[in-house]
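To start, the structure itself, in structure tokens.
Numbers restart at 1 for each chain; the letters A, B, ... are given by sequence-line order, proteins then strands.
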Protein chains: 2
Amino acid sequence: MKTTIYDVAREAGVSIATVSQVINGKGKISEERRQEIMQIMERLSYQPSVIASALTGKKTYTLGLLIPDISNPFFAEVARSVEDQGNQHGYSLIICSTDNKDERVERYLSLLQQKSVDGIIIGTGVENKEILNPLMESSIPTILIARDMAGLDLQTVLVDDFAGGTMAAQHLLELGHQALAVLAEDPKVSSSRERIRGFKETLVGSGIDLPGHWVQTCKDDLVKEGKLKAKALLQQTQRPTALFCCNDLLAIGALQAAKELGVKVPRDLSIVGFDNTILATVTDPPLTSVSQPTESMGKLAVDLIIEQLKTKVGSTPRRVLSPELCIRGSSAKPQQG
Amino acid sequence: MKTTIYDVAREAGVSIATVSQVINGKGKISEERRQEIMQIMERLSYQPSVIASALTGKKTYTLGLLIPDISNPFFAEVARSVEDQGNQHGYSLIICSTDNKDERVERYLSLLQQKSVDGIIIGTGVENKEILNPLMESSIPTILIARDMAGLDLQTVLVDDFAGGTMAAQHLLELGHQALAVLAEDPKVSSSRERIRGFKETLVGSGIDLPGHWVQTCKDDLVKEGKLKAKALLQQTQRPTALFCCNDLLAIGALQAAKELGVKVPRDLSIVGFDNTILATVTDPPLTSVSQPTESMGKLAVDLIIEQLKTKVGSTPRRVLSPELCIRGSSAKPQQG
DNA sequence: TTGAAAGCGCTACCAC
DNA sequence: GTGGTAGCGCTTTCAA
């Protein structure tokens, strides 16, 4: 049997109330008693039950993190940052990979509520916002990370995706590209939409068109689909000289497609990714990619949750961080004629 | 206020015991009542509290996963597999990145116990096995994944690391290499030790020596240190023509080192990695790597935990899966004199 | 077939 | 300073 607060109390010849006080450092206990009880807890290797205390004290010291896929390096990095910052304050992290599927989001959200997590960080796209209703009504501190969702009154930490798209476009335009295409994520992913909007507006601002069929969408297996769609784009008679991919996974698919088709990167095709994950540093050629400050985002998200937990009020509604363009070998001037 | 079982009972004009029974599908309830109560729960959008039920029923439906680092793609893949399989059975997953640090392992283990998780999966190295004592005494189902630990009486799911090392060596020997070196992980990581043992024994079996200073160990930032150590190896006057890296991260470091030094891979240097993560498919050149069946391992680990939960007894003590060599572009015949 | 009641381990309030 | 005690929301006998 696990040792409980009763065992400690009995052993010390005091009441459980007293033991509880020394555990929580509350109330007034004589230094003598305190020491004595601490020693007994040590000796009995007593571990207070978070479960029991949560049933009264209200805190489970657990956070939930919803992301599309923990095996996507970008989200793994975010998760690591959230984990570390949470751990700093005594919180554990429950990982929820949603594959951007509403049913999975709904299921996980319900699970997290039943488990009374202290806060939820959402970094996954949601198609039908109604599935968030139960959460909104629940008063569980919630914050959005790396995602935006209009009209939802949730604190949000994200990178300026629009600006990121702009940077990618500018870079490519400066290199002299005129025929640009895009590999997009599922339209339900707001960050992807914004990136493309930034990209497109910049092109249009320079008098360059982005035809609809040059924006290809990928949903599930990003690398695989990215490869497929990139191939389709490259096999047209009139083909793009530059490709903006909404994340590194798609860019890798594109890189593979190019290789298979004998299209040289960056000579025949420039590729720009997004997220600047470890993947971008190891590809052949290394990937030019727009970088997100994952670490700051994770830290910030946790800090905001903890603040909400304390003050019951979210201070800043939005924190928009700046992306940065990392230029590597996958982008260059287009070949002439 | 959250709706509780009392609200439902009151609304239905029955006792909480009855409601509890329909929730858990136990006891005998008239079909009529059952339907009625179900509807009321639905209407009140009642969510049973896992916390409260755990305090009695004993299950938290939460699993803990200890790994070195969630942002290492190999472990992210394992985590994803564990998450999915657990979720299948209603379990959530708490991620614990330990950086292979005993203090972190100890801290997390204690946290997980206080949270009364139903099971713990350990995929991280431990130097001082004593820190596992509290866990061993706790009767929390525990299983080791992708790790071995002698004399610990824990169910284990892993790949045959020794065989993996052998495969790497054989491959390199068959190509004709005679001067081989190794990039190792922290010796506390059993899998790394075994891989090297397999590698070394195979060399010795072919009459080739593996000098001690040609086995370099990396501990923290694997890519960075791998690069550093690889550089050191390559800058010797007498340098290896092949390098076996205990995981893909190290191999990437090696790849970077070679690039910086102008050492052509695979012409001047063959590199073999381990884990066959997504990284291996995107490097330049693509990495020859020993692959682990991450998905099966994760599934198996969860199944074994659930079995222990049910039967209180671990059936099979060890499940050893087979690695597989994926030959890609980073390994080739050594250049002649 | 249903309900009353005794906990699960802990916190917090109020007496002493 | 310290202890008694009423819950927190739920499960589970045991009676009715």
Candidates Q85(B), R319(B), Q88(B), Q308(B) - the one meeting side-chain hydrogen bond (donor to acceptor under 3.5 Å, both in side chains) with D303(B): Q85(B)
If you look at every strand shown and take non-hydrogen atoms under 4.0 Å, does V14(A) touch a base, only sugar-phosphate, or nothing? sugar-phosphate
Using whole Å, report how far NZ of K28(A) lies from P of dT2(D). 12 Å
Length of the NZ-P vector between K59(B) and dC10(D), whole Å: 18 Å
Can you check whether D220(B) reaches K101(B) side chain to side chain, under 4.5 Å on heavy atoms? yes
Atom pair distance, as rounded to whole Å: CG in L44(B) and C1' in dG9(D): 15 Å
Rounding to a whole Å, what distance do you find between Q21(B):CD and dT12(D):P? 9 Å
Out of dG1(D), dG9(D), dC10(C), which has the shortest distance to the side chain of S30(A)? dG1(D)
Between dT1(C) and R33(B), is there an OP1 or OP2 to side-chain N/O distance shorter than 4.0 Å? no
Nearest-nucleotide comparison on DNA chain C, the residue closer to the 5′ end among T56(B) and N24(A): T56(B)
Using whole Å, report how far CD1 of I5(B) lies from P of dG7(D). 18 Å
Quick one: label I16(A) by what it contacts on the DNA or RNA (base, sugar-phosphate, nothing), any heavy atom closer than 4.0 Å. base
Assess whether one donor atom and one acceptor atom, taken from the side chain of Y6(A) and the base of dC10(C), lie less than 3.5 Å apart. yes
Candidate nucleotides dT11(D), dG9(C), dC10(D), ranked by approach to the side chain of Y46(B) - the nearest: dC10(D)
Between K115(A) and S92(B), does any side-chain donor sit less than 3.5 Å from a side-chain acceptor? yes
Would E103(A) and R107(A) count as a salt bridge (charged side-chain N to carboxylate O under 4.0 Å, His left out) if you check the C-alpha gap in whole Å, the side-chain angles of each, and the deciding distance to 0.1 Å? CA-CA 6 Å; E103(A) 340 122 36; R107(A) 173 142 205 276; over 6 Å; no
What nucleotide among dT11(D), dG9(C), dT11(C) has an atom nearest to a side-chain atom of S20(B)? dT11(D)
Hydrogens and angles aside, do Q35(B) and E31(B) bring a side-chain donor and acceptor to less than 3.5 Å of each other? yes
N/O (side chain, K26(A)) to phosphate O (OP1/OP2, dA12(C)) under 4.0 Å: yes
Side-chain atoms of I29(B) come closest, of dG9(C), dC10(D), dT2(C), to dT2(C)
Interatomic distance, D7(B) CG vs dC8(D) C1' [rounded to whole Å]: 13 Å
Measure from the side-chain heavy atoms of S53(B) and tell me the nearest of dC8(D), dG3(C), dC10(D). dC10(D)
Could you pull out all donor-acceptor pairs under 3.5 Å where a side-chain atom in residues 15-27 of chain B meets a protein atom, sequence neighbours excluded?
unit_1	atom_1	unit_2	atom_2	d
S15(B)	OG	A17(B)	N	3.3
S15(B)	OG	T18(B)	N	3.4
S15(B)	OG	T18(B)	OG1	3.3
S20(B)	OG	N24(B)	ND2	3.4
N24(B)	ND2	S20(B)	O	2.8

A17(A) has a side chain; which of dA5(C), dT11(C), dG3(D) sits nearest to it? dG3(D)
Considering just the side-chain nitrogens and oxygens of S15(A), establish if one lies under 4.0 Å of OP1 or OP2 belonging to dG3(D). yes
K2(B) atom NZ is separated from dC10(D) atom C1', nearest whole Å, by 11 Å
Close residues, residues 106-120 of chain A, relative to DNA chain C [heavy-atom separation under 4.0 Å]: none
Whole angstrom is fine here: how far is it from CD1 in I37(B) over to P in dG3(C)? 8 Å
Ignoring backbone atoms, test whether T18(A) places a side-chain nitrogen or oxygen under 4.0 Å from the OP1 or OP2 oxygen of dG3(D). yes
Are any of the side-chain heavy atoms of V14(A) and E36(A) separated by less than 4.5 Å? no
About how many Å separate OG1 of T156(A) and CG of L300(A), when rounded to the nearest 0.5 Å? 11.0 Å
